[in-house]
J.: 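Please read through the structure below; I'll follow up with questions.
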Amino acid sequence: MTLKVTIDPRDNCIADMVCVSLCGDVFEMADDDGKSQIIAKWRKDPDNRAEGFVSDDLKDCVDSAAQSCPTQIIHVEPA
Ligand code: SF4
């Protein structure tokens with residue numbers, strides 16, 4: 001199974017790096033604007049850094065990030 005992970009609205013990211021700390025396999029901080037983004041290898045559209053499709057074995061990882069994000073902008077759903 002694949003999971004769809006979105007950072008939406010990404011503009012609301014406060015760059016506290018919680019998601020990166022909890023799930024660095026999926027999230028990283030962008031060099032240009034300093035906000036969280038999906039690591040490129042998980043994106044279907046390389047230009048959309050707010051959306052990724054990850055394998056099921058990363059469910060605990062992305063769920064913990066989604067639950068802990070202080071602005072609640074990380075969303076996980078079945079793809
Ligand atoms: S946990 Fe949320 S607010 Fe913090 S860096 Fe990640 S997406 Fe941004």
Side-chain angles (χ1 to χ4, degrees):
M1 196 172 107
T2 304
L3 299 169
K4 180 180 177 183
V5 182
T6 49
I7 308 171
D8 182 47
R10 185 172 175 272
D11 279 349
N12 287 5
C13 175
I14 59 171
D16 64 352
M17 296 186 67
V18 167
C19 55
V20 176
S21 300
L22 291 171
C23 191
D25 287 338
V26 175
F27 303 94
E28 65 183 3
M29 304 311 291
D31 287 336
D32 54 355
D33 65 6
K35 295 179 185 291
S36 174
Q37 64 182 13
I38 307 288
I39 290 175
K41 70 174 181 180
W42 303 116
R43 301 177 204 162
K44 275 186 183 162
D45 175 357
D47 293 329
N48 184 2
R49 53 188 173 174
E51 180 186 88
F53 294 84
V54 306
S55 53
D56 209 22
D57 58 324
L58 287 165
K59 186 177 191 321
D60 288 349
C61 180
V62 292
D63 277 350
S64 66
Q67 286 160 14
S68 300
C69 172
T71 55
Q72 295 288 290
I73 58 173
I74 297 174
H75 313 282
V76 180
E77 59 189 301

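The first residue of the sequence shown is numbered 1, and numbering continues consecutively from there. We use all heavy atoms of the structure for the numbers below, so side chains are in, but hydrogens, waters and symmetry mates are not. As the structure lists them, so they are numbered: ligands from 1, and atoms in each ligand from 1.
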J.: Using a strict threshold of under 4.0 Å (side-chain N to carboxylate O), is an ion pair present between E51 and K44?
T.: no
J.: Under 2.8 Å from atom 2 (Fe) of ligand 1, which protein N, O or S atoms are there? Could you list them by chain and number?
T.: C69 SG
J.: Name the one of D56, D63, D57 that satisfies salt bridge (charged side-chain N to carboxylate O under 4.0 Å, His left out) with K59?
T.: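 In the set D56, D63, D57, the residue that makes a salt bridge (charged side-chain N to carboxylate O under 4.0 Å, His left out) with K59 is D63.
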J.: Kindly determine whether I74 and V62 satisfy side-chain contact (heavy atoms from CB on, under 4.5 Å), including the steps that lead there.
T.: CA-CA 8 Å; I74 297 174; V62 292; 5.9 Å; no
J.: Check for a donor-acceptor pair, side chain of S68 on one end and backbone N or O of A65 on the other, with a separation under 3.5 Å.
T.: no
J.: What do we get for M17 next to ligand 1 when only non-hydrogen atoms under 4.0 Å count, side chain, backbone, both or neither?
T.: backbone
J.: Could you check K35 against I73 for side-chain contact (heavy atoms from CB on, under 4.5 Å), going step by step and ending with a plain yes or no?
T.: CA-CA 12 Å; K35 295 179 185 291; I73 58 173; over 6 Å; no
J.: Does D31, at its CG atom, have more than 12 non-hydrogen atoms belonging to other residues, nucleotides or ligands within less than 6.0 Å?
T.: no
